[in-house]
Amino acid sequence: PRFERPPAIAEWARAEGVVSMVAVPVADAAGEPIALLWAFNRSPRPFTGRDEATLTALARQAALAMDNARLVGDLRRTLEELQAAQDTLVRGATLRAVGELAAGAAHHLNNLMAVVLGRSQLLLYHSRDPEMGAALRTIERAALDAADTVRRIQAFSRAGHGANAVLVDLNETVRESIDLTRARWEHEAQVRGAQIEMTFEPGALPPVSGRNAELREVLTNLILNAVDALPRGGRLTIRTWSEPGRAVASVADSGPGMPEETRGRAFEPFFTTKGVRRLGLGLAVAYGLVSSHGGDIGLESGEGRGTVVTFWLPAAAATEAAAPAATDGERHGRILVVDDEADVREVLADVLAAQGHTVTLAGGGQEALAYLERDPFDLVITDLGMPDVNGWDVARAVKSGRQELPVLLLTGWADAVETGVGRVDAVIKKPFDMTKLAAAVSAALGPPSP
């Protein structure tokens, strides 16, 4: 679509030296425009049809990310309610039913997240535009957070734990949380006529061992609580510093503070002084997540003195190893991809083709077995849950005919799957990260021939 440029935009463009511009709408699932993606160029090169097509593709991904961001919010609220109820519900038929519902929803959501993550990473792989890259990285991070939320719902349903812990830079997590909550403390505050001054004072910190999405949720909850305490504006200060054996962070606001009775109940689930606007789970969830990381959280507040929430996390052990570096040589192979979800198959095909592999797609286990009887392959990547022949059956058929042919299992329940000798060679989590998928494929194919 073409847009008439308002006079104010034209005057701004002339003042800024803009030579050319292009705009595409960001539409919701019903086709209604909800935003505008606008690109400007100060160089003589005009925008081309290819540029417009790229922006249109990015607008579609942005619209999908917005829809999924709303979905993530619903998921998080559901998870918070489940976790609060877990302490009071007996382990019985009710909890098992909730687990079964969570498992069904998680399988579907993992497939959706695989498409969003795969497409955004493919665009990042091909894009050379820094501004577009920043937007795509935001979409990528939202998809990864959504996937982590789904994994935590799965972990709740089987009373297990969430994603594996990794080394986390807490300062970087703070920066990400500030960026994710910018709409609340900057944009929405300005709409209300309030001004919130955000300040981040990072200190030198040791790395901590944890789950980045959960720590980001802790900081996001604390920031949003502080914003709620500043309806007329004020100051919000985040500080980090190190103490022997641990990393410490604090979120302080210049709001009215809490009376003693409120302060004493601040970490109770469902306790809130904000009426129906909030569930009262922000601080309770933060307390639970910090405790699960081996840390502690506390609150200082007084009427007229604002509020400071401080938490600490233990420093990572010095012996924790970094991820292995990628190998220099890569082997390109013939890969059979088996998945009953068409969108997931196509994303996998595009990702693997971009890495130089030759890909054959099968829409189910029966079709895959037919391909295996007549065509040679170097690797098989199969989904686990399929209606006709499941991933275990595909792997069993592959290994019975060619024991040396590697099989990778693709599943959203990777944390609960034990590979087992002679069954599959590795398990890839849904949604899959492009870099980790490439590493798993390279490891399965082995080094290139001399």
Side-chain angles (χ1 to χ4, degrees), residues 103-119 121-122 147 150-151 154 330-446:
H107 177 75
H108 181 60
L109 289 168
N110 271 325
N111 285 330
L112 294 176
M113 290 302 105
V115 175
V116 175
L117 184 60
R119 290 298 177 192
Q121 290 186 334
L122 271 175
V150 172
R151 277 193 290 271
Q154 293 171 328
E330 291 184 358
R331 176 185 169 193
H332 296 158
R334 295 159 298 178
I335 301 177
L336 175 62
V337 172
V338 191
D339 200 301
D340 60 323
E341 293 285 343
D343 289 340
V344 178
R345 288 198 307 272
E346 292 169 5
V347 170
L348 273 166
D350 290 345
V351 170
L352 294 169
Q355 295 161 0
H357 303 289
T358 302
V359 183
T360 300
L361 298 179
Q366 292 284 10
E367 186 180 355
L369 296 179
Y371 276 123
L372 287 165
E373 288 180 359
R374 65 175 185 264
D375 296 328
F377 294 99
D378 301 309
L379 173 65
V380 176
I381 301 177
T382 178
D383 186 27
L384 174 57
M386 295 182 289
D388 54 353
V389 177
N390 65 32
W392 291 129
D393 294 331
V394 172
R396 191 177 297 110
V398 170
K399 295 296 184 180
S400 64
R402 287 180 57 192
Q403 181 66 34
E404 77 283 358
L405 179 59
V407 179
L408 303 184
L409 189 70
L410 191 67
T411 176
W413 288 96
D415 291 335
V417 172
E418 295 181 359
T419 59
V421 178
R423 301 180 74 186
V424 295
D425 295 85
V427 176
I428 302 174
K429 295 182 182 181
K430 278 186 182 179
F432 47 84
D433 178 89
M434 188 171 172
T435 303
K436 293 180 180 178
L437 174 65
V441 169
S442 294
L445 291 174

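Index from 1, following the sequence. What's counted below: heavy atoms across the whole structure, side chains too, no hydrogens, waters or symmetry copies.
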Residue pair [X] / [Y]: nearest heavy atoms and the distance that separates them:
X	Y	answer
G391	T382	CA-OG1, 3.7 Å
G333	H357	N-ND1, 3.1 Å
D393	R396	OD1-NH1, 2.7 Å
F377	Y371	CE1-O, 3.8 Å
R345	L361	O-CD2, 3.7 Å

Out of L336, V424, V407, L379, which one pairs with V398 under the side-chain contact (heavy atoms from CB on, under 4.5 Å) rule? V407
Test item: [X] and [Y] side chains (from C-beta on) under 4.5 Å apart, heavy atoms:
X	Y	answer
E341	D383	no
L348	I335	no
L437	V351	yes
I381	L352	yes

Is it the case that the side chain of [X] and the backbone of [Y] share a donor-acceptor pair, with hydrogens and angles ignored and the cut-off at 3.5 Å?
X	Y	value
R402	P376	no
D425	L408	no
R334	T358	no
K399	L405	yes

